[in-house]
S.K.: 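Structure incoming, see below.
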Amino acid sequence: MKIVTRFAPSPTGFLHIGGARTALFNWLLARHHGGTFRLRIEDTDRQRSTKEAIDAIVDGMKWLGLDWDAEVVFQFARAARHAEVAKELLAKGHAYLCYASPEELEEMRESQRAAGKPIRYDGRWRDRPVSDTRPNVPPVIRIKAPRSGETIVRDQVQGDVRFANDVLDDFILLRSDGTPTYMLSVVVDDFDMGVTHVVRGDDHLTNAARQLQIIEAMGWPIPTYAHLPLLHGEDGAKLSKRHGALGIHEYAGLGYLPEAMRNYLLRLGWSHGDDETISTEQAIEWFNLDNIGRSPARVDFKKLDNLNGHYLRQTSDETLADALGPLLDQRGTKVDDELRAKLIKAMPGLKERAKTLVELADAVYFLTARRPLDLDEKAKKLLTAEARAILKELKPVLAAAKWEAQTLDAAARSFAEHKGLKLGAVAQPLRASVTGRSTSPGIFDVLAVLGPAESLDRITDQI
RNA sequence: GCCCCCAUCGUCUAGCGGCCCAGGACGUCGCCCUCUCACGGCGAAAACACCGGUUCGAACCCGGUUGGGGGCGCCA
């Protein structure tokens with residue numbers, strides 16, 4: 001059987017981290033089986049759906065590298081077909097017209113609440129004859145759900161989840177204005193699109209039971225369900241605005257790599273023994289529904305940082321230099337060919353010290369800075385009177401050496417030895433004067449990248 | 001209130017009745033490497049929510065308690 005999965009977000013906000021994980025799992029499942037992965041925008045809520053949200057979702061998917069097959073399906077455009085199915089259900093006797101007004105229903109719920117009873121539609125129009133109508137009141141179509149027995153959702157993650165049918169009420173299929181509800185639309189679209197595996201958030205588990213009732217009434221095939229435990233924020237509660245509720249594409253701006261994000265998201269609820277760093281290729285090969293955990297997970301950005309650092313170090317110097325372009329541009333530095341060459345040369349030392357592209361951009365200060373350098377506090381403290389005196393003596397020694405990291409290193413070492421100093425006593429002041437910071441890549445590598453003229457001038461500025 | 005789901009180190013997790021006085025990873029703390037910071041290496045602290053059962057034997061099975069989460073719309 002050819003597997004078809006889908007990611008079906010409603011465009012009422014951006015694609016957050018939880019949605020991104022759902023999308024990833026669907027994508028992985030499809031790619032693993034050589035199946036099809038579809039994107040469907042559930043825009044039937046006309047009030048809340050926005051073009052911006054659709055763009056944000058599409059951008060987020062693209063950034064994450066989750067490519068979908070065939071064209072995007074917009075659910076609202078299929079409303080006529082959904083209504084048709086509702087009418088069919090009505091004709092078959094699996095649904096009925098209900099003329100109860102929203103106010104009337106609210107009253108009903110109120111009294112149920114007050115009486116401590118379960119809140120659900122009481123079926124007041126269920127068994128009335130078709131001749132029984134209310135003039136000038138447009139009815140809704142409700143499903144005539146079975147009242148006894150149980151509906152079992154056979155879920156790949158949650159196991160068999162049983163719902164007594166008497167706790168599931170006769171929900172609305174078609175609104176009084178003739179538009180379909182989510183419950184109906186999802187089922188019809190999944191059927192029409194040939195979706196075989198429904199992988200989505202846990203919050204849809206009860207819906208699955210209701211959807212099953214529609215599917216059974218229509219005699220359609222039941223898809224395989226997998227309901228993923230929801231993601232929680234770092235504090236254990238909801239995903240906070242601070243971090244978890246960011247749009248996924250905003251992580252790009254924070255300096256994260258898509259492959260790191262994929263790896264991170266994958267391990268949130270899915271595991272493969274003790275494996276932690278899992279490439280996307282490996283993930284496609286290994287992914288399955290069996291290894292999805294049943295308990296909710298919290299997001300932990302420290303781990304994302306660590307993973308991102310790992311993937312940063314794996315990325316080529318050229319790619320990284322180019323990725324820095326836009327970030328440096330924002331800071332007012334244009335990357336020309338000369339700077340690009342320096343970035344690439346310095347990258348091996350730079351990238352193992354950074355966790356994100358933003359940190360990387362911060363760390364290239366010494367390459368882009370103009371003389372005289374702005375020393376930070378720690379650098380200033382390093383440049384004591386003694387330190388400056390050492391630099392004064394060191395400068396001609398360096399100037400006389402062949403300008404390569406290794407020879408510069410050797411020259412500085414023998415200089416320190418003759419003066420009875422530790423290398424650090426020489427290297428730290430040197431670093432402060434040349435980079436304006438107290439930390440940097442190996443100082444002799446820095447010197448080599450900067451070249452003799454610029455380096456010696458920077459030293460001169462401080463003595 | 002009713003229904004459903006979940007419960008192993010701070011966090012993500014391995015574990016699917018004996019291999020577990022519980023393993024890995026992130027984070028934390030030491031030490032090593034070292035010109036700084038990182039990277040890397042080594043090591044440490046750190047968990048089976050609780051109570052009953054079942055069993056020769058339970059983190060794993062069953063029941064309950066507690067604690068989290070989700071659902072109960074003419075929203076999706």
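Below, read A as the first sequence line, B as the second, and so on, with proteins coming before strands; counting in each chain starts at 1.
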S.K.: Measure CG/D203(A) against P/G73(B) and give the value in whole Å, please.
M.R.: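 The distance from CG of D203(A) to P of G73(B) comes to 15 Å, rounded to the nearest Å.
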S.K.: Mind checking H227(A) for me? I need base, sugar-phosphate or nothing, with any heavy atom below 4.0 Å counting as a touch.
M.R.: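 Here H227(A) touches no strand at all.
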S.K.: Pick base, sugar-phosphate or nothing for D275(A), based on heavy-atom distances below 4.0 Å to the nucleic acid.
M.R.: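 No contact.
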S.K.: Report the base-pairing partner of C19(B) (Watson-Crick or G-U wobble, both distances below 3.5 angstrom), or none.
M.R.: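 Partner of C19(B): none found under 3.5 Å.
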S.K.: Among C35(B), A76(B), C26(B), which nucleotide has an atom closest to any side-chain atom of K302(A)?
M.R.: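 Output: C26(B).
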S.K.: Does any pair with a residue in residues 382-391 of chain A pass side chain to side chain donor-acceptor pair (under 3.5 Å), and if so which ones, sequence neighbours excluded?
M.R.: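 The answer is none; no pair qualifies.
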S.K.: So, is R109(A) near the phosphate of C74(B), with a side-chain N or O under 4.0 Å from OP1 or OP2?
M.R.: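 Looking at the OP1 and OP2 atoms of C74(B), one of them is under 4.0 Å from a side-chain N or O of R109(A).
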S.K.: Counting only Watson-Crick or G-U wobble pairs whose two distances fall under 3.5 Å, which nucleotide matches A59(B)?
M.R.: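 By the stated definition (distances under 3.5 Å), nothing pairs with A59(B).
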S.K.: Does A49(B) have a Watson-Crick or wobble partner in any strand here, with both distances under 3.5 angstrom, and which is it?
M.R.: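 Answer to the pairing question: U65(B), which forms a Watson-Crick or G-U pair with A49(B).
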S.K.: From the options G73(B), C35(B), A76(B), select the nucleotide whose nearest atom is closest to the side chain of I172(A).
M.R.: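 Minimum distance to the I172(A) side chain belongs to G73(B).
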S.K.: Looking at S271(A), does any N or O in its side chain come under 4.0 Å of the phosphate oxygens OP1/OP2 on A14(B)?
M.R.: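 Yes, because at least one side-chain N or O of S271(A) sits under 4.0 Å from OP1 or OP2 of A14(B).
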S.K.: Restricting to pairs with a member in residues 355-365 of chain A, which pass side chain to side chain donor-acceptor pair (under 3.5 Å), not counting sequence neighbours?
M.R.: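 For residues 355-365 of chain A: R331(A)-D362(A).
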S.K.: Is the charged tip of R38(A) near the ring of F7(A): under 6.0 Å from the six-membered ring centre and within 45° of its axis?
M.R.: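 Negative - R38(A) is either too far from the ring of F7(A) or too far off its axis.
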S.K.: Whether the T22(A) and R200(A) side chains hold a donor-acceptor pair (N or O, under 3.5 Å, no angle test) is what I'd like checked.
M.R.: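 Not at all, the side chains of T22(A) and R200(A) share no donor-acceptor pair under 3.5 Å.
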S.K.: R313(A) side chain N/O closer than 4.0 Å to the phosphate oxygens (OP1, OP2) of C39(B)?
M.R.: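 No, outside the criterion.
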S.K.: Report yes if at least one side-chain N or O of N306(A) is closer than 4.0 Å to OP1 or OP2 of G27(B); otherwise report no.
M.R.: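 Yes, N306(A) has a side-chain N/O under 4.0 Å of OP1/OP2 on G27(B).
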S.K.: Which part of the nucleic acid, if any, lies within contact of T44(A), taking any heavy atom under 4.0 Å across all strands shown: a base, the sugar-phosphate backbone alone, or nothing?
M.R.: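 If one applies the 4.0 Å heavy-atom cut-off, T44(A) turns out to touch the sugar-phosphate alone, with no base involved.
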S.K.: If you check the D300(A) side chain, which of U11(B), C4(B), C35(B) turns out closest?
M.R.: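 Comparing U11(B), C4(B), C35(B) against the side chain of D300(A), the answer is U11(B).
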S.K.: Please classify the nucleic acid contact of I119(A) as base, sugar-phosphate, or nothing, using heavy-atom distances under 4.0 Å.
M.R.: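 Base, at least one base atom sits under 4.0 Å.
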S.K.: May I ask which nucleotide in the shown strands pairs with G43(B), Watson-Crick or G-U wobble, both distances under 3.5 Å?
M.R.: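 Because both required distances fall under 3.5 Å, G43(B) counts as paired with C29(B).
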S.K.: Quick one: which of C35(B), C5(B), C74(B) gets closest to the side chain of L205(A)?
M.R.: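 For the L205(A) side chain, the nearest candidate turns out to be C5(B).
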S.K.: Considering just the side-chain nitrogens and oxygens of K378(A), establish if one lies under 4.0 Å of OP1 or OP2 belonging to C37(B).
M.R.: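 False: K378(A) side-chain N/O out of range (4.0 Å or more) of C37(B) OP1/OP2.
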S.K.: State which of A76(B), U36(B), G71(B) makes the closest approach to the side chain of E42(A).
M.R.: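 Of A76(B), U36(B), G71(B), A76(B) is nearest to the side chain of E42(A).
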S.K.: In terms of side-chain heavy atoms of L230(A), which of G69(B), C35(B), C72(B) is nearest?
M.R.: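 Shortest atom-to-atom distance from the side chain points to G69(B).
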S.K.: From C26(B), C35(B), A76(B), pick the nucleotide closest to the side chain of T181(A)?
M.R.: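 Within the option list, the nearest is A76(B).
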S.K.: Can you check the R267(A) CZ to U11(B) P distance for me, whole Å?
M.R.: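 Nearest whole value for this atom pair: 15 Å.
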S.K.: Counting the atoms with a prime plus P, OP1 and OP2 as sugar-phosphate, which does R48(A) contact under 4.0 Å by heavy atoms, base, sugar-phosphate, or nothing?
M.R.: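 Base, at least one base atom sits under 4.0 Å.
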S.K.: Among C35(B), C5(B), C12(B), which nucleotide has an atom closest to any side-chain atom of L423(A)?
M.R.: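 The answer is C35(B), which lies nearest to the side chain.
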S.K.: Under the 6.0 Å and 45° cation-pi test, does R413(A) pair with F415(A)?
M.R.: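 The answer is no, since R413(A) fails at least one limit relative to F415(A).
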S.K.: Name the closest nucleotide to the R353(A) side chain, picking from C72(B), C35(B), C37(B).
M.R.: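 The listed nucleotide nearest to R353(A)'s side chain is C37(B).
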S.K.: Compare the minimum distances between each of C6(B), U11(B), A25(B) and the side chain of K303(A), then state the nucleotide with the smallest one.
M.R.: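 Of all the options, the side chain of K303(A) is nearest to A25(B).
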S.K.: Answer yes or no on whether R154(A) is positioned over the face of Y225(A), meaning its NZ or CZ is under 6.0 Å from the six-membered ring centre and within 45° of the axis.
M.R.: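 Verdict for Y225(A): no cation-pi partner in R154(A).
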S.K.: Give none if A38(B) has no partner; otherwise give the nucleotide forming a Watson-Crick or G-U wobble pair with it, both distances under 3.5 Å.
M.R.: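 Because no pair has both required distances under 3.5 Å, A38(B) counts as unpaired.
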S.K.: Would you say Y96(A) and D170(A) are linked by a side-chain donor-acceptor pair, where the criterion is simply a distance under 3.5 Å?
M.R.: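 Short answer, yes.
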